[in-house]
Amino acid sequence: MTISTETAAGREQTRPVTSEQALEPGGRGARRPPVKLWLQPTLISLVVVAAFIACYVGLQRDPQPHQVPIAVTGPSLPGEIQRALGDTVEVHPAQDAATARQALQRHDVVAVLDGTAPGHLKLETAGAAGASTTSAVSQLVDAYARGAGAHVTTTDVVPLAKHDARGLAGFYVAFGVSLAGFVLGSNVLGLAGAMRLRHRYFLLIGASVAIGAVGAIVVGPVLGAAPAPLIPLVFVLALLAAATAFTTKLLGAVLGPIGLPVTTLLLLTVGNATSGAVIGADLLPAGARAVSALLPPGAAVRGIADLSYYDGSHLAGPVITLALWAVVAATLLSLRPLLMRRRAAVV
């Protein structure tokens, strides 16, 4: 038997050069990476963290009511309320308390103010409209009552579910489903070389339905935080997942390395921050109000609330918005290979 006398130092000298050693400067490897490779991920990370904090903290810093819709009964009270509270409310005159309450239960308004009894105001609110909105309405009515020397009693006509005392279930569900759709889209983005386009579409659609089903089952039957009919809730959440997944894949394919950060900013950050679940849409700044219902998370939050508390009275708008996001993104993805071939032929 032959015994090797090679030392550890000798073995180290004869060992092949590793990839890390090949990158050493001074003739021992490749040159230093360009500045762009250092700056791009750093700047993207800074933009994401600044936007996230600015949206979530900034929007909650000083919410102000703007044309909050309330139904007001009585011959002269509607005009008095409008003059006293200005553009903080949008007064909907009602013939009687029953008519006004129906508007509240359909989510046409967020509160009802009845002043038929002298020196007494009866305020009916919808807790399902969100704590920030009902609190703002109560404060406005209390301020008016103090000036008018009237007494106010408040009743919650559309209360939140027992297991959603803070009214945040819709926000967390929309955020979770949006995040799952983002993860799905970003993973499918990397399968372009391994799966045909139609197979990737099948994967996106099937997984989106599964995401919607899991989200609806957990928040509904399991946790009891969203008292919505299960099948319609699955449909809304599946549309949200599909809208997010297809948009993520589209932006990642078109924009390249910055596609996923752009999706993060647009849908996960701005979309969820302006959804109207944490801060009521009527209390958001003008810019946030403008995009609130147009982005998938905001549309989904409205759809979840409508199904849970208002018998789906305004469900058509959210469903159309979510479907448009998914269909338009999928269509543009389908057209992209054709456009790229035409561009290559022209060049």
Side-chain angles (χ1 to χ4, degrees), residues 60 62-171 225-228 276-284 289 292 301-302 304-315:
Q60 298 181 58
D62 186 27
Q64 297 293 331
H66 178 76
Q67 293 187 341
V68 180
I70 62 173
V72 183
T73 64
S76 60
L77 186 60
E80 294 175 6
I81 293 294
Q82 191 69 77
R83 287 190 296 271
L85 301 183
D87 63 358
T88 60
V89 296
E90 181 183 287
V91 173
H92 294 238
Q95 295 180 350
D96 50 47
T99 303
R101 191 175 299 110
Q102 288 177 0
L104 179 62
Q105 293 170 339
R106 291 194 307 267
H107 204 196
D108 295 331
V109 297
V110 299
V112 171
L113 186 61
D114 182 10
T116 54
H120 181 264
L121 296 175
K122 182 180 180 182
L123 177 65
E124 295 181 335
T125 62
S132 60
T133 299
T134 55
S135 176
V137 171
S138 296
Q139 291 175 9
L140 290 171
V141 171
D142 286 343
Y144 169 80
R146 284 194 299 269
H151 176 68
V152 181
T153 58
T154 303
T155 305
D156 190 351
V157 176
V158 189
L160 289 163
K162 176 182 177 182
H163 299 292
D164 186 25
R166 297 176 60 196
L168 295 178
F171 169 77
V278 178
I279 297 296
D282 298 309
L283 278 67
L284 293 172
R289 286 198 307 274
S292 178
V301 164
R302 286 161 173 77
I304 294 168
D306 279 333
L307 284 172
S308 297
Y309 301 105
Y310 304 105
D311 297 324
S313 56
H314 296 281
L315 187 60

(request) Drop me the distance from D282's CG to Q67's CD, to the nearest 0.5 angstrom. (result) 9.0 Å
(message) Let me confirm one number: the OG-CZ distance from S313 to R106, rounded to the nearest 0.5 Å.
(response) 8.0 Å
(request) Kindly indicate, with the supporting measurements, whether the criterion side-chain contact (heavy atoms from CB on, under 4.5 Å) is fulfilled by H314 and D108. (result) CA-CA 9 Å; H314 296 281; D108 295 331; 2.9 Å; yes
Pairs under 3.5 angstrom only: tabulate donor-acceptor contacts from the side chains of residues 149-157 to other protein residues two or more places apart or in another chain.
from	atom 1	to	atom 2	distance (Å)
T153	OG1	H120	NE2	3.2
D156	OD1	G127	N	2.8
D156	OD1	V158	N	3.3

(request) To the nearest 0.5 angstrom, please state how far the CG atom of L85 sits from the CG atom of L113. (result) 9.0 Å
(message) How long is the straight-line distance from CD of Q139 back to OG1 of T88, given to the nearest 0.5 Å?
(response) 11.5 Å
(message) Minimum heavy-atom separation for Y310 and A128, please, with both atom names.
(response) OH-CB, 3.6 Å
(message) Could you check whether any side-chain heavy atom of T134 comes within less than 4.5 Å of a side-chain heavy atom of V110, counting everything from C-beta outward?
(response) no
(message) Minimum heavy-atom separation for A228 and S308, please, with both atom names.
(response) CB-OG, 3.5 Å
(message) Can a donor-acceptor pair be found, under 3.5 Å and without considering hydrogens, that links the side chain of D142 to the backbone of R146?
(response) no
(request) Mind listing the closest non-hydrogen atom pair of P65 and L140 along with its distance? (result) CG-CD1, 4.1 Å
(message) Given 3.5 Å as the limit, does a donor-acceptor pair link the side chain of D114 with the main chain of A97, or not?
(response) no
(request) Please report the closest heavy-atom contact between L104 and E124, naming both atoms and the distance. (result) CD2-O, 3.9 Å
(request) Search all heavy atoms of Y309 against all heavy atoms of A225 and return the closest pair with its distance. (result) OH-O, 4.3 Å
(request) Enter the distance from I70:CD1 to Q82:CD here, rounded to the nearest 0.5 Å. (result) 8.0 Å
(request) Could you tell me the separation between the CZ atom of F171 and the CD1 atom of I279, rounded to the nearest 0.5 Å? (result) 10.5 Å
(message) Test of understanding: with ring pair (Phe, Tyr, Trp, His ring centres under 6.0 Å), list the residues that count as partners of Y144, not counting sequence neighbours.
(response) none
(message) Holding to salt bridge (Lys or Arg N to Asp or Glu O under 4.0 Å), I want the full list of residues that pass it with D96, two or more places apart in sequence or in another chain.
(response) none
(request) May I have the step-by-step check of side-chain contact (heavy atoms from CB on, under 4.5 Å) for R302 and S292, ending in yes or no? (result) CA-CA 10 Å; R302 286 161 173 77; S292 178; 2.9 Å; yes
(request) Please report the closest heavy-atom contact between P69 and H92, naming both atoms and the distance. (result) CB-NE2, 3.8 Å
